[in-house]
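Notes follow the structure.
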2 protein chains.
Amino acid sequence: MPRKRNTRRSPDMPTLADVARLAGVSEITASRVVRAQGPIADPTRLRVLSAIAALGYIPNRAAGSLASAGSTLMSVLLPSLSNIVFPDVLRGIHTALTQTAFQPVIGVTDYDPLIEERILISFLSWQPAAVILAGLHHTPVARRYLEQGRFRVAELMDIDGDPVDIAVGMSHRQAGYETGRHLIQRGYRRFGYARHNILTDDRASARYEGLCTSLQEAGLSLIAEHRYPGPSSTKAGRDTLEILLSAHSELDVVIFPNDDMAMGGIFHCMYAGITVREQLGIFGFNGLDIGQAMPMPLSTILSKRFLIGKTAAEKLLESRERPPEKTIINTGFDIIEGATA
Amino acid sequence: MPRKRNTRRSPDMPTLADVARLAGVSEITASRVVRAQGPIADPTRLRVLSAIAALGYIPNRAAGSLASAGSTLMSVLLPSLSNIVFPDVLRGIHTALTQTAFQPVIGVTDYDPLIEERILISFLSWQPAAVILAGLHHTPVARRYLEQGRFRVAELMDIDGDPVDIAVGMSHRQAGYETGRHLIQRGYRRFGYARHNILTDDRASARYEGLCTSLQEAGLSLIAEHRYPGPSSTKAGRDTLEILLSAHSELDVVIFPNDDMAMGGIFHCMYAGITVREQLGIFGFNGLDIGQAMPMPLSTILSKRFLIGKTAAEKLLESRERPPEKTIINTGFDIIEGATA
DNA sequence: GCCTTTTATGGTAGCGCTGTCATTATTCTT
DNA sequence: AAGAATAATGACAGCGCTACCATAAAAGGC
């Protein structure tokens with residue numbers, strides 16, 4: 001006795017077999033039409049297409065993935081969504097992926113390599129075509145999976161290190177270094193530094209180190225730094241500057257780990273009646289729109305976040321197979337002179 | 001002659017069968033351990049678990065989805081990632097989903113219902129457990145798919161309408177209305193309005209309408225409005241206010257569709273030497289951190305974006321089946337009096 | 001102690017699709 | 001015109017997993 005069919009299926013979800021039957025072709029031909037793959041005669045294609053439309057057929061990607069041992073998903077692992085940087089990167093990725101069959105699946109790691117590892121493993125169970133992550137530091141387990149997998153890998157933001165496959169980003173160490181050189185050249189000598197409590201933000205740390213190097217080369221060093229006991233925010237920047245200045249009123253410039261905090265610094269100056277640039281220089285990082293729309297544009301470094309995401313996704317699409325040699329793409333950065341330092 | 005096995009598979013990707021063999025149990029038992037489902041004796045579970053660890057087994061979710069006609073994916077369709085609102089919503093969703101087996105898959109519609117429809121269809125091919133989208137307006141085709149599917153649906157941001165399943169958000173019409181009432185009560189009479197070119201931002205339109213209603217009720221009306229010919233940004237707000245004032249210097253308050261643009265308005269005032277609040281009131285929408293960190297906090301409306309995302313995802317997880325009655329959750333909004341209007 | 005219920009496990013048959021190989025009809029070479 | 005290449009289609013066997021049903025052993029009821 002034949003077993004009852006379709007107990008698990010939605011009652012009227014048509015399958016490829018239904019489409020093929022209606023179009024009077026074999027399943028595989030219908031499949032080829034759906035995937036636009038292989039040679040199909042125009043009249044046949046049209047018959048299949050109209051059968052698809054008539055039935056409201058939606059392909060089952062789980063079955064497709066299973067049969068072909070691959071998917072059109074692209075796993076994206078980002079440290080955070082609160083930091084505008086990563087939505088920008090995501091926008092770049094998304095832009096490159098529209099008009100392709102690929103879809104981003106996102107995960108947020110909270111800057112924690114162990115969470116990154118966990119999410120990575122769970123993403124791999126979808127057999128993604130590619131994995132995009134931030135930075136070059138991962139757990140050994142994660143690194144092993146990335147190296148052994150049959151998917152492309154892009155590591156974003158940072159290029160100071162050895163990527164698994166592709167790295168797209170800029171040298172944060174160099175950005176920090178150039179920041180120091182620039183500010184010294186503009187006459188600043190008494191440097192303060194604001195930080196936040198995200199210790200695993202490797203990029204911020206690299207910029208900090210680069211800055212210290214350039215100060216050292218000039219026979220200078222940081223006079224003061226303060227680590228705000230919370231995540232980055234405008235208010236964090238404002239409070240941090242107040243604390244820095246209360247202990248070190250001699251500072252003539254303060255560098256912030258990002259524009260959000262730098263804006264907070266400027267707001268503190270406005271509030272406290274400090275003339276920005278003359279009395280105190282303020283320098284940020286990222287080059288956000290809002291900082292540039294101020295009457296006195298923020299001095300900062302433009303990181304090309306959208307471009308990083310877009311370039312990475314485009315590069316990943318170039319070939320399904322991982323090429324033998326690794327690729328490092330430096331999207332660079334621009335110093336925005338601005339009016340605050 | 002037996003066909004060569006595994007031509008499509010990665011050479012050494014272990015399957016459930018390998019795990020079962022190593023643990024000395026049947027496949028289905030191993031499957032139950034992986035899914036933590038059904039009664040399993042402790043020693044058996046341990047044997048399977050150690051086999052999984054020994055082999056580095058990663059389940060194949062495509063196969064699982066196919067067999068069970070369902071997935072642990074949650075499709076999230078957002079209008080934009082440039083507008084901080086949506087990353088915030090996404091953070092809320094993500095927060096609710098961590099520690100569950102569900103993963104968000106995101107798509108960006110650019111505020112275009114047709115793109116929304118296209119992405120929705122492509123997402124449905126993954127048999128998602130739930131679909132989250134913004135707003136209550138979709139194409140008829142999309143609406144039909146949403147209504148007929150066997151998945152939960154949450155429509156976010158807006159509650160002025162008839163949801164498919166769950167709606168979580170606030171009444172934007174009412175927010176606009178209350179804005180008008182509040183500003184009238186504070187003595188403003190000559191209203192200007194700034195807009196952007198995203199015509200399909202239904203929420204912004206609803207607020208606009210609500211505002212007009214309250215003005216009308218008070219015997220007032222908008223004196224001037226200007227639609228910036230580009231997407232929302234701080235610079236857009238700055239330029240728009242300049243244009244508004246050049247033609248209508250009599251305005252005593254200008255309302256912006258969001259805080260980003262309102263900040264731009266404030267920057268214009270700073271630049272042009274206009275005393276905010278005394279000479280000109282500025283009112284925004286969203287209640288962003290940066291506006292509140294200013295020396296003169298922005299007058300605005302706090303929309304609870306994170307809460308909306310989190311509540312929606314939590315609600316969706318409550319039951320796999322769509323309940324007979326629809327749910328509308330009003331997360332409300334707060335008027336932030338601030339110092340700019 | 002016999003019967004019922006619960007607990008723990010397994011056999012089997014697909015889920016819907018695509019890779020592989022095979023076949024036939026058509027066009028191109030020279 | 002014969003052979004070779006190409007275009008267009010199909011048969012079939014799985015991909016790796018889980019729903020369904022069955023079975024056996026242990027626990028509970030009176």
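Since the structure is predicted, the reported quantities are computational estimates derived from the model, not experimental observations. Residue numbers start from 1 in every chain, and the chains themselves are labelled A, B, ... in the order their sequence lines are given, proteins ahead of strands.
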query = Which whole-number value in Å describes the distance from A:Leu66 CG to D:dC17 P?
reply = 9 Å
inquiry  = Without decimals, in angstroms, what is the distance between B:Arg45 CZ and C:dT7 P?
reply    = 14 Å
query = Between atom CD1 in A:Ile28 and atom C1' in D:dT9, what is the gap in whole Å?
reply = 10 Å
query = From the list D:dC17, D:dT9, D:dT18, which nucleotide is the closest neighbour of the side chain of B:Ser31?
reply = D:dT18
task = Mind calculating the distance between CG (A:Leu16) and P (C:dC17) to the nearest angstrom?
result = 4 Å
ask   = Of all the nucleotides listed (C:dC17, D:dG10, D:dT18), which has the minimum atom distance to the side chain of A:Ser26?
value = D:dG10
ask   = Does the B:Arg203 side chain pair with the main chain of B:Asp158, one donor and one acceptor, at a distance under 3.5 Å?
value = no
Heavy-atom pair with the smallest gap, counting every atom of A:Val105 and A:Phe123 = O-CE2, 3.5 Å
request  = Report the nucleotide, chosen from C:dA8, C:dG19, D:dT9, that has the shortest atom-to-atom distance to any side-chain atom of A:Ser68.
outcome  = C:dG19
task = Whole angstrom is fine here: how far is it from CD in B:Gln127 over to P in D:dT18?
result = 14 Å
ask   = Tell me: CD of A:Glu27 to P of C:dG19, nearest whole Å?
value = 14 Å
key: Nearest listed nucleotide, side chain of B:Ala41, among D:dG14, D:dA11, C:dT9   = C:dT9
inquiry  = Heavy atoms only, 4.0 Å cut-off, all strands: where does A:Thr44 land among base, sugar-phosphate and nothing?
reply    = sugar-phosphate
ask   = Would you say a side-chain N or O of B:Arg35 is under 4.0 Å from OP1 or OP2 of D:dA19?
value = yes
message = If I take atom CZ in residue B:Arg32 and atom P in nucleotide C:dG10, what distance separates them, rounded to the nearest angstrom?
response = 9 Å
task = Can you figure out which of C:dT9, D:dG14, C:dG11 approaches the side chain of B:Ile40 most closely?
result = C:dT9
inquiry  = If we check side-chain hydrogen bond (donor to acceptor under 3.5 Å, both in side chains) with B:His138, which of these qualifies: B:Arg144, B:Glu117, B:Glu155?
reply    = B:Glu155
Any residue meeting salt bridge (Lys or Arg N to Asp or Glu O under 4.0 Å) with B:Arg305, in chain and number order, not counting sequence neighbours = B:Asp88
